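These notes are about the structure you will find just below.
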Amino acid sequence: MTTRPAHRDILSVLDRPNSYIGKTVPRPNLDRLLQGRGLYVSDIELPRMAHVVFLRSPHAHAMIMAIDGGAAKRLPGVIAVVTGKELAAVITPWVGVLSHLKGLKSAPQSAIAIDRVCWQGEAVAAVVATSRAAAEDAAEHVTVEYRELEAVTDMRTALDPKTPVIHSALGDNLAFERTHDAGQVDRAFAQSDTVVEAEFVFGRHTGVTLEPRAVVADWNAAEARLTIYQGTQAPHMVQNIAALHLGLQEQQVRVVCKDVGGSFGIKVHIYADEMATYALSKLLRRPVKFVADRIESFNTDIHARDHRCMGRIGVERDGTITAFEIDDLTGIGPYSMYPRTSAIEANQVVNLVGSPYVTKNYRARARVVFQNKNLMCQYRAVGHPIACSVTEGLVDLVAMKIGVDPVEIRRRNLIADDAYPCASPSGLRFEKLSHHASLDKLLGMMDYQLLRAEQAELRKKNIHRGIGIASFVEVTNPSAAFYGVGGARISSQDGVAVRLDAQGSVICQTSITEQGQGSESLTAQIVGSVLGVSMERVRVILGDTDNTPYGGGTWASRGAGIGGEAALQAAKSLRKNILDVAAAILQSTAAELDIVSNSVVDADDGTPRIELKELARVVYFRPDTLPPGIQPELMATRHFVPREYPFAFTNGVQASWLEVDAETGFIKLLRHWVVEDCGTIINPQLVDEQIRGGVVQGLGAALFEKCIYDERGQLTNANMADYLVPMAAEMPDIDVGHVVSPTAESELGAKGAGEAGTAGAAAAVANAVNDALRPFGAIVTEIPLTPQVILTALARI
Amino acid sequence: MKASAFAYARATSIGNALGLLAAHGDKAKVLSGGQSLMPAMNLRLISPELIVDIGGIGELRGIALKGEVLSVGALTRHADLLKSPEIAAHSPLLTKAVAHVAHPAIRNRGTIGGSLAHADPASELPACMLALGAIIIVRGQAGERRIPAKDFFRGIYETALSAEELLVAIELPVTRKNAAYFFDEFARRHGDYAIAGLAADAVVKDGAFTNLHLAFFAVGDRPVLSSAACRLIDAVITPALMADASAALDEELEPHDDQQATASMRRHLAKVLLVRCVSTLLGRADLDARVA
């Protein structure tokens with residue numbers, strides 16, 4: 001073996017010639033998707049494939065007295081009508097708890113309801129037929145006799161002694177409670193010059209993926225193997241759970257995940273109807289397809305947010321924040337979602353409130369209650385929008401009260417950029433954040449002083465515009481601390497295998513997944529850069545438990561930071577192996593060689609020595625010509641998980657500029673700015689579009705999106721006409737800037753970026769609305785900020 | 001979300017369509033642009049046994065100026081209304097209103113006849129028909145009926161059209177001298193169902209209205225031709241008179257609560273529209289609180 005001079009190892013892979021890292025390059029999968037040649041689960045057709053439609057409960061809470069599928073079974077094309085009891089023969093129930101969330105409880109949940117339904121939309125029977133239409137026709141002929149039970153719908157009364165307990169074995173409707181008390185909160189409030197308190201209300205909303213959840217499950221009885229084609233963010237997690245509950249070994253389950261039409265956290269969970277589809281395939285010994293329709297999506301895709309949070313902040317006369325206190329309440333539906341649980345969002349709220357600020361005095365309580373509504377769980381930027389809206393809402397309210405500019409109070413209290421490493425009041429460890437640099441950059445981008453002057457001028461003309469600013473901290477690159485330590489078999493490490501093929505191209509298998517973020521692109525960019533191979537020669541394979549290394553997948557903003565580093569290390573290893581072979585062929589040393597533009601070259605002057613395709617030809621077809629003792633290894637695999645910090649925290653700041661029509665309550669978003677710090681940027685365009693997409697989802701929450709339940713637990717707007725998603729016409733231009741503080745945990749230095757936009761957008765808008773309404777003395781702390789809410793706050797109706 | 005099985009007939013003529021409707025009565029549904037019908041069928045809110053597709057009937061198409069009357073065929077699509085020079089010249093209110101109808105994809109398929117026959121109280125075109133004093137022409141096997149717009153709309157999705165009749169055309173009086181028009185609506189997002197809207201057709205002379213038709217929509221079970229407008233004709237508009245007209249409007253409306261707005265919010269927005277309409281048409285910025 002040759003030894004290489006130390007400086008070559010120190011030289012960052014980011015600085016290599018022809019690097020793709022830090023450059024906007026087109027995504028390799030773009031043509032395939034734009035030409036309609038993607039492969040979504042809905043596209044998959046298998047021989048003998050049947051379609052399942054789930055008959056769903058019209059009641060929020062009821063006993064199932066009888067199910068009669070006799071008439072349906074006699075209809076043409078119907079293969080089976082299966083009840084929960086019948087399906088229980090092949091699949092076991094589950095309980096969505098994790099041991100590190102102390103005290104979290106939930107009840108056993110079945111793939112199809114047995115004896116009792118607990119939310120409107122829960123499946124009570126499966127109708128399997130030769131087509132979706134035939135199954136829908138037949139479902140109309142299945143009769144179910146229900147005895148309605150009182151529905152628990154209002155989270156505020158869920159814990160009252162006179163409210164029925166949804167699962168009597170649990171004793172009460174409290175799923176989880178966490179308290180935190182740091183510093184000396186009471187003393188800090190007592191010594192504060194001003195204390196402000198407000199209740200913040202967040203509407204329940206959902207992810208609304210363009211492609212609904214979809215599964216094709218194919219049990220092959222001859223092989224005793226189940227192949228699951230599913231749009232999921234975490235194939236190995238699905239493999240583990242499916243095997244566990246179907247009584248199989250993991251090696252008997254293959255999960256294939258090709259193109260996915262949006263996920264946003266919606267597709268990182270295990271849903272009852274998906275489990276039922278796996279089980280039906282096993283029961284009926286044939287492929288079964290389930291594609292949720294839009295109504296099913298609204299009724300069963302996880303919902304999120306739906307918090308009511310009391311918040312309190314204290315300040316000294318000069319604006320120094322003395323303490324934060326919150327009391328958060330959220331209702332999660334009748335079960336804790338499996339396997340990630342529904343306690344995480346409230347837990348994140350406790351973790352993140354006050355986190356951008358210096359004060360150590362912080363007290364929090366979060367309670368998570370059961371109710372007879374659809375399940376809630378993790379959706380893009382879990383907990384962050386709530387924590388950010390509460391924190392930044394309180395900061396602005398108290399700044400308004402003491403007459404300090406919103407920028408000034410943040411400058412005075414944000415953690416200094418040179419104070420790291422340090423910890424938040426809730427104990428989060430920060431490696432390196434850049435709140436002040438980010439704020440400075442944001443103010444420059446938006447020309448803050450000019451906007452303030454414009455605002456003042458327009459107010460004279462009765463035009464009411466507002467500026468809102470929101471700083472935030474974001475959790476990315478989670479280690480085992482997220483799920484693994486609680487007993488969930490959800491991997492926090494990811495693996496990448498790279499190999500040189502016989503023509504000098506590269507095959508790369510990664511355990512991260514692609515749902516539109518650009519996982520495929522960033523992997524190819526990193527591998528191409530490190531290896532010295534052009535990107536079009538790098539083929540990335542993902543989403544197949546038979547054909548990729550074991551890993552977590554893509555969620556919690558971890559794909560680039562964790563999967564990207566695994567790709568970098570695997571490519572580095574392969575590069576070394578290639579150079580060792582080249583050195584033998586060329587009678588040189590690896591240290592004197594490099595790979596640039598698909599050829600081995602002299603490191604010093606770039607003189608081409610041997611093309612990779614020639615090297616591969618020799619290795620694969622004429623190994624007899626290699627010097628004795630050389631055993632080339634043109635495949636390398638590396639895994640990565642961060643070890644020093646449980647999470648790579650990032651930070652950012654957003655600003656909103658908007659106009660409120662004080663007569664009608666309508667809000668017009670005029671402009672939005674974001675500065676965020678995700679460390680090393682691999683593809684600027686992908687990062688910026690992740691931020692923009694995230695902002696739009698945050699703006700949806702701020703102005704439009706809400707799952708509206710009536711007091712009986714009926715979801716009343718489960719369609720795209722009544723559930724309002726943000727659309728292009730109402731969206732402002734979104735300017736994105738960056739501050740770069742790479743994490744030292746990895747050579748790549750990348751942190752996550754996928755959730756930053758969602759984390760702070762609603763907070764910035766709410767603050768801007770209150771800024772605009774300042775002349776009227778009206779304050780709004782509820783989202784979505786509908787015209788009805790604004791007009792009510794203005795006492796016009 | 002698949003429709004129940006149904007029979008389908010593509011009508012070859014108006015006579016053929018009327019024959020099918022007479023034979024099948026309310027078990028049949030007319031398919032025009034399909035922008036309301038198809039979603040309702042896919043949601044299984046309705047399950048007609050027979051779909052009578054009138055899309056191939058050429059005589060239901062087209063916009064024609066006949067003297068003082070603009071005739072618009074029932075199959076005229078929203079997109080065609082929007083880009084029609086005849087409509088822009090002789091019924092500009094309609095051009096303005098159609099831009100608020102849903103989104104381009106829907107405007108490319110949806111038809112004026114379909115919109116009027118569907119009679120969604122939140123839709124724009126029925127209100128325009130009221131404001132413009134349109135005649136809606138329907139035909140049955142017994143012959144043709146010419147129904148004034150004010151008599152056509154009878155409730156939520158309810159019209160004077162019977163199950164055996166086909167809406168074939170509308171007739172609009174062409175714009176008069178000194179005509180002015182106003183159209184605005186409040187919707188949560190561009191293209192959404194309005195939560196309150198106003199289509200107004202006026203004649204303005206020397207800073208006063210000599211004629212004024214105000215058709216409010218989405219504030220009741222059908223579009224409302226406001227009689228409060230009468231107070232503003234041939235009158236000097238003062239804030240006091242506007243308050244008077246607002247109060248009169250309030251009396252006329254019977255708005256409903258829904259997820260987007262309460263009844264009181266709808267009343268409020270209707271009054272805002274009234275003020276904005278009058279101040280815009282008369283060039284009286286002083287009446288508008290926004291610029292006071």
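In what follows, every heavy atom counts, from backbone to side chain, and hydrogens, waters and symmetry copies are set aside. All figures in this text were calculated on a predicted structure; none of them were measured in a lab. The chains referred to below are lettered A, B, ... by the order of the sequence lines, with proteins before strands, and numbering in each begins at 1.
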Nearest 0.5 Å, what's the [atom1]-[atom2] distance between [X] and [Y]?
{"X": "A/T786", "Y": "B/Q260", "atom1": "OG1", "atom2": "CD", "answer": "8.5 Å"}
{"X": "A/E136", "Y": "B/N42", "atom1": "CD", "atom2": "CG", "answer": "8.5 Å"}
{"X": "B/D192", "Y": "A/L724", "atom1": "CG", "atom2": "CG", "answer": "5.5 Å"}
{"X": "A/I797", "Y": "B/H268", "atom1": "CD1", "atom2": "NE2", "answer": "7.0 Å"}

If you count every heavy atom of other residues, nucleotides or ligands that lies below 6.0 Å from [X] atom [atom1], does the total exceed 12?
{"X": "B/K2", "atom1": "NZ", "value": "no"}
{"X": "B/K271", "atom1": "NZ", "value": "yes"}
{"X": "A/R132", "atom1": "CZ", "value": "yes"}
{"X": "A/L210", "atom1": "CG", "value": "no"}

Please answer whether the main-chain N or O of [Y] pairs with a side-chain N or O of [X] as donor and acceptor at a distance below 3.5 Å.
{"X": "A/Q788", "Y": "B/M265", "result": "no"}
{"X": "A/E730", "Y": "B/R189", "result": "no"}
{"X": "A/E663", "Y": "B/V272", "result": "no"}

Between [X] and chain B, with a heavy-atom cut-off of 4.5 Å, which part of the residue counts as in contact: side chain, backbone, both or neither?
{"X": "A/L791", "result": "side chain"}
{"X": "A/I667", "result": "neither"}
{"X": "A/M720", "result": "backbone"}
{"X": "A/A133", "result": "both"}
{"X": "A/V291", "result": "neither"}
{"X": "A/E140", "result": "side chain"}
{"X": "A/T716", "result": "both"}

State, yes or no, whether a side-chain contact exists between A/I295 and B/L43 at a heavy-atom distance under 4.5 Å. yes

Work out which heavy atom in A/A721 is nearest to a heavy atom in B/Y193; give both atom names and the distance. CB-CE1, 4.2 Å

Heavy-atom distances under 4.5 Å only: say whether B/R267 touches chain A with side chain, backbone, both or neither.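 Neither part; nothing is under 4.5 Å.
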
Given a strict heavy-atom distance threshold of 4.5 Å, which part of B/A102 is in contact with chain A: side chain, backbone, both, or neither?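 Contact with chain A is absent: no heavy atom of B/A102 under 4.5 Å.
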
Would you mind checking if A/K461 and B/D288 are paired as a salt bridge, meaning a charged N to carboxylate O distance below 4.0 Å? no

Taking NZ, NE, NH1 and NH2 as the nitrogens, is one of them in B/R188 or A/D722 under 4.0 Å from a carboxylate oxygen of the other?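 Result for this pair is no, no salt bridge flagged.
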
